[in-house]
Amino acid sequence: MVYSLKTRILENKKILPDFYEMVLSASAIAAEAVPGQFLMIKTSPTQVPFLRRPISISRINAEEGTITLVYQVVGSGTKLLSAMTPGSEIEVVGPLGNGFTWSEKDKVVAIVGGGCGIAPLVALTEELLKAGKEVYALLGAQNRDKLLSDRYFIELGAKVMIATDNGSYGRQGFVTQLLEEVINTTRLDQVYCCGPLPMTKAVVKLTKEALVPCQVSLEERMGCGVGACLGCVCKVRSEEGSLTYKKVCHDGPVFTSSEVIFDD
Amino acid sequence: MVYSLKTRILENKKILPDFYEMVLSASAIAAEAVPGQFLMIKTSPTQVPFLRRPISISRINAEEGTITLVYQVVGSGTKLLSAMTPGSEIEVVGPLGNGFTWSEKDKVVAIVGGGCGIAPLVALTEELLKAGKEVYALLGAQNRDKLLSDRYFIELGAKVMIATDNGSYGRQGFVTQLLEEVINTTRLDQVYCCGPLPMTKAVVKLTKEALVPCQVSLEERMGCGVGACLGCVCKVRSEEGSLTYKKVCHDGPVFTSSEVIFDD
Amino acid sequence: MINLAVEVAGIKLKNPVMTASGTFGFGREYSKFYDLSLLGAVMVKGTTLEPRLGNPPPRIAETPAGLLNCIGLQNPGVDAVIKEEIPWLSQYDVPIIVNISGHSLEEYGEIALRLDGVPGVAGLEINISCPNVKHGGLAFGTEPQMAADVIRTVKDKSRLPIIAKLSPNVTDITEIAKAVETAGADAISLINTLLGMAIDIKTRRPVLSNIVGGLSGPAVKPVAVRMVWQVAKAVKIPIIGMGGIVSAEDAIEFLLAGASAVAVGAGNFYDPLAPLKVIEGIKAWLEQEKIADVRELIGAVKIC
Amino acid sequence: MINLAVEVAGIKLKNPVMTASGTFGFGREYSKFYDLSLLGAVMVKGTTLEPRLGNPPPRIAETPAGLLNCIGLQNPGVDAVIKEEIPWLSQYDVPIIVNISGHSLEEYGEIALRLDGVPGVAGLEINISCPNVKHGGLAFGTEPQMAADVIRTVKDKSRLPIIAKLSPNVTDITEIAKAVETAGADAISLINTLLGMAIDIKTRRPVLSNIVGGLSGPAVKPVAVRMVWQVAKAVKIPIIGMGGIVSAEDAIEFLLAGASAVAVGAGNFYDPLAPLKVIEGIKAWLEQEKIADVRELIGAVKIC
Ligand SMILES: Cc1cc2nc3c(=O)[nH]c(=O)nc-3n(C[C@H](O)[C@H](O)[C@H](O)COP(=O)(O)OP(=O)(O)OC[C@H]3O[C@@H](n4cnc5c(N)ncnc54)[C@H](O)[C@@H]3O)c2cc1C
Ligand SMILES: Cc1cc2nc3c(=O)[nH]c(=O)nc-3n(C[C@H](O)[C@H](O)[C@H](O)COP(=O)(O)OP(=O)(O)OC[C@H]3O[C@@H](n4cnc5c(N)ncnc54)[C@H](O)[C@@H]3O)c2cc1C
Ligand SMILES: Cc1cc2nc3c(=O)[nH]c(=O)nc-3n(C[C@H](O)[C@H](O)[C@H](O)COP(=O)(O)O)c2cc1C
Ligand SMILES: Cc1cc2nc3c(=O)[nH]c(=O)nc-3n(C[C@H](O)[C@H](O)[C@H](O)COP(=O)(O)O)c2cc1C
Ligand code: FES
Ligand code: FES
């Protein structure tokens, strides 16, 4: 089921410069959501911005009926979002899209997250650990002030490795270097990736070479967010091998790395 | 001087069903404003509504540097205004327009207000009383729940008479009937009028017949609010007797009743 | 009892609210939100003779109170639509209007022919905003003669009601409207998107892959209402009004201007429940105004 | 040092930001907010040969992210403008561009003649969106031949730089642009307002006294940017871009699309300080991007 609801904001607090965490009371959505899915959020009571904003579900608490979002203020919509006060209402549609998947066979997996792409990997890690997997959480950011949610991964019990561009926290370098190391030392059954496009491309390349199955979460500008407008497509190889477009909002945002085609 | 400022909202509370009172910290404006002037108010941080809303200055406190507005929620702009919280900022332009005037010779005057037209008459009454005049405050509304600010007029020391359409408060009938009575019993030197158009027309007719000078505050849809766009005109008789358009925002909103021409 | 039913081009609608082509897919997605049988009609995604890939992303750019799109008619082609989509959508008790596009008169004719007699299809909406390859890429919809030719061609090949969907990017919309009326159109849809452009100042590139795109949403509503009003005075066939409708008030504005029915387009993105809210809002408004029949509103704007 | 100065039609501007005709009166009102000498230029209210009363109110209707107006060219006539307004505005160190309108070629010519040589006037902006009474009310601006005739007429009577202000309500804006270029226009202003309409559903009447009006504000920006881009490719003369500019980002979008200067219109109503904020914002952005000269932005959109 997909819902279009007014939900109550329980919390909306700054967690890092530019990053906010918002908790919504949305039991219907929390009951059905899976990691990797997202919501389409109305950021203003007026007709500007006109389009809703896609924000991934970062944590799902089905028991308490809450959904946590983590977002970065980058433009007018997220700015309006950051000004909303707990107790007020916000219109959301969701849960949308196909989330991450895992199979019973998998034993050791890695999640690779960069920037605000780390957000949806929290819920994923929680589920993977519940399912008894060993999880490497490889997190990257420009600097310490932009590194999201690392303590959640530690609390959950993942093996956390961190890289920052300037070395202000964790290793100096890219998160892909961490992945390379893990691949070289450990037999990974699956990699999950969410982050900026250059990172995603590098992760796809590495896992392909290492023959490790990989799932990537993609972003594209969205109109409807539900699959109706064909606005958010990405190029994929169809089963017969020809190129075609799939909808990030509906067929994704999570794709297997083998099907997506990146333009250079 | 006219200012374009961000001001702080000190209060914004419901005073009647649909009516709100907002107090702004705006010392520059409070220092220069006169009764009958108005502000152009940005009601949203987004581009919808695009135009600012004209709201009359209801009370001026130059010492404390505050301006009080009283407004009725009738559409999207005033709805957004009513949701603003004390402590937040709001962009205003003002003080704008020509206010009411009085001369030393005047001894006994009447203000006639209807609906939210009562708002600017509070500040006027305050000044008229300070200037030593005897003030009849004739206030009208549909019913008690829509009668604005009557206690202010009483506190200030005006002779307050009230009419409601359904008789739920004060006399049953129209405020113009009160004016007729006062005109019949008292020698008025000046009448000031602000309210819905039918009321204004009736007041203009009565005062004309009784040869009492009258000032009326008019409303028109506004673009700029400052006199630049020619959007808000009303028909007036020019000095040479021909018809022409004057700008409500710049040449008014207060006009002498003899110059304005009402279409029927 | 308030009557909401209207008839447009011989198609009977439960209520005057449709969903606009290209904003509602083939109905599958929004069927997760509500029962599609509640709608007046569904206008499906623009369908072409052959499957089309459409333009590369980005295909969407947000603009003040609206959006630009350059989807580029991505669709599985008319045969797949007949085989996969129409049968699925036919399970709902709602008229299906198929929006069709072609690069040549022959293409338009052929699609119309294939759709003729397909169970469930109630009418064809002819998108004449497409570039005509034979005439050097000029859109069919900007020349009265070319627009009329398209309508005559599809009328010839199909017994279905034919709705001509006009482009607003013209000097005189009434000229085109009169031309398609004369050519036999049973109704007119107004408006398609306005041609627009947005540039990302950081990258200095157009936001859309196709450089320019179609503007729709509330921003264009005043242009759409004006065109509906102009065309309603100029022709006798009914009009389906669209362009920026998100609320019942918007829809009523179009009806008063002269539309016999309306369509919600980008409004579906703004609020997935928008079409339902428009229907319920019209009903509530008629009740409040003590109007027994929605048809009393059609063209009822008072000019004096 | 960053250069903000540009030259358009031989008029030297301190910076590329003007105020659009009809939204800024003759400058008096906004002079209470800031020093008008800070502006690139002031385009004054549309001026006609005889004084005009304009349309009755209501003249303004708000629309999503924009507004409709039907002021109807209320102005005191060219002689009063020359006597009362230009001398006053000349006290500021800012080029004055007089926007003129006529009902016939003769009227356009006569106004141009009277303004020729008036101290302080830097150029004429020719509004060819006016209905031409002699040609059955068709706007001069919708027919390339008629548009060219107007420009030729004023070029004949005036030695001032001539800026042709085009109407966006046409099928092909480049056709009109090329016609006025050939006729001798020194620059082109784009865009005037889009024809629109709004209906008050409570009263069932058009909101505007004139039934239809001109749409402007952010809502029209994508259409304006598209037209500037199309015309910049089609002509060699410079373009003054306008339509929905309220911020420096908006202005930069127009410059990248091909405008050599921009004008703030309805943006003045949104924020009386908008033109200053646009100037300061452009400067700050150039600094941030390490661009030394604003002219590097003109037409610099990357298409590939
Ligand atoms: C499936 C999905 C899940 C997402 N999850 C999250 C999340 O959990 N946390 C988070 O912070 N962000 C997330 N994003 C990105 C988020 O949607 C955008 O940052 C947001 O829409 C920007 O809105 P704005 O109004 O603040 O910025 P705008 O003013 O719209 O744009 C600001 C800048 O962001 C770029 N931008 C805008 N929208 C997109 C988009 N959809 N894709 C790529 N670039 C864009 C623009 O080019 C512009 O440069 C997600 C996006 C998608 C598609
Ligand atoms: C000089 C002046 C002073 C004013 N002072 C006050 C005041 O002190 N308190 C107060 O409550 N209101 C006052 N008003 C009226 C106030 O400006 C409008 O009620 C407000 O702009 C409505 O905005 P909105 O967005 O809520 O409604 P909208 O959604 O814009 O409109 C709602 C309804 O109000 C009507 N309306 C909108 N604007 C105007 C207008 N300018 N004139 C007439 N009708 C309009 C519309 O036709 C519509 O039916 C004043 C108006 C003027 C011109
Ligand atoms: C994403 C998108 C895709 C569209 N695709 C089509 C299409 O395939 N065929 C068509 O005739 N119109 C298409 N349109 C135009 C709409 O049907 C409608 O005419 C227009 O958007 C104006 O209505 P609106 O403002 O309510 O969206 C599309 C519009 C959008 C926003
Ligand atoms: C209230 C108003 C009055 C206008 N009057 C004129 C005019 O007299 N002459 C003219 O050429 N354009 C006139 N215009 C058009 C503007 O100059 C400008 O071209 C248009 O509004 C688009 O810019 P904007 O979106 O920034 O307002 C007027 C616009 C408005 C809003
Ligand atoms: S955003 Fe509409 S199909 Fe994905
Ligand atoms: S509102 Fe612009 S002149 Fe009065």
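Computed from a predicted structure; not experimentally measured. Chain letters run A, B, ... following the sequence lines, proteins first and then strands; every chain starts at 1.
Between chain D and the residues G244(C), G66(C), P206(C), the most heavy-atom pairs under 4.5 angstrom are made by P206(C). Of the listed residues I303(C), V225(C), V223(C), I201(C), the one with more heavy-atom pairs under 4.5 angstrom with chain D than any other is I201(C). Between chain D and the residues V170(C), L195(C), T63(C), the largest count of heavy-atom pairs under 4.5 Å involves L195(C).
Interface residue I211(C): only side-chain heavy atoms are found under 4.5 Å from chain D. Contact of L68(C) with chain D is made through the side chain alone, with heavy-atom distances under 4.5 Å. At a 4.5 Å heavy-atom cutoff, L255(D) makes no contact with chain C through either its backbone or its side chain. Neither the backbone nor the side chain of S209(C) comes within less than 4.5 Å of any heavy atom in chain D. Only the side chain of L215(D) comes within less than 4.5 Å of a heavy atom in chain C; its backbone stays farther off. In this structure, chain D has a heavy atom under 4.5 Å from the side chain of V212(C), while its backbone stays farther away. Proximity to chain D (any heavy atom under 4.5 Å) is restricted, for L194(C), to the side chain, taken from C-beta onward.
Within the 4.5 Å cutoff, no side-chain heavy atoms of I128(D) are placed close to those of S167(D). I188(D) places none of its side-chain heavy atoms less than 4.5 Å from the side chain of I240(D). The closest side-chain heavy-atom distance from V301(D) to R205(C) is not below 4.5 Å. I191(C) has its side chain within reach of V220(C): a pair of non-hydrogen atoms, C-beta onward, lies under 4.5 Å apart.
Atom NZ of K277(C) sits in a crowded spot, with more than 12 heavy atoms from other residues, nucleotides or ligands closer than 6.0 Å.
The existence of a salt bridge linking E253(D) and K221(D) is confirmed by a sub-4.0 Å separation between a basic side-chain nitrogen and an acidic carboxylate oxygen. Salt-bridge formation is detected for the pair R295(C)/D293(C): a Lys NZ or Arg NE/NH1/NH2 atom is positioned less than 4.0 Å from an Asp or Glu carboxylate oxygen.
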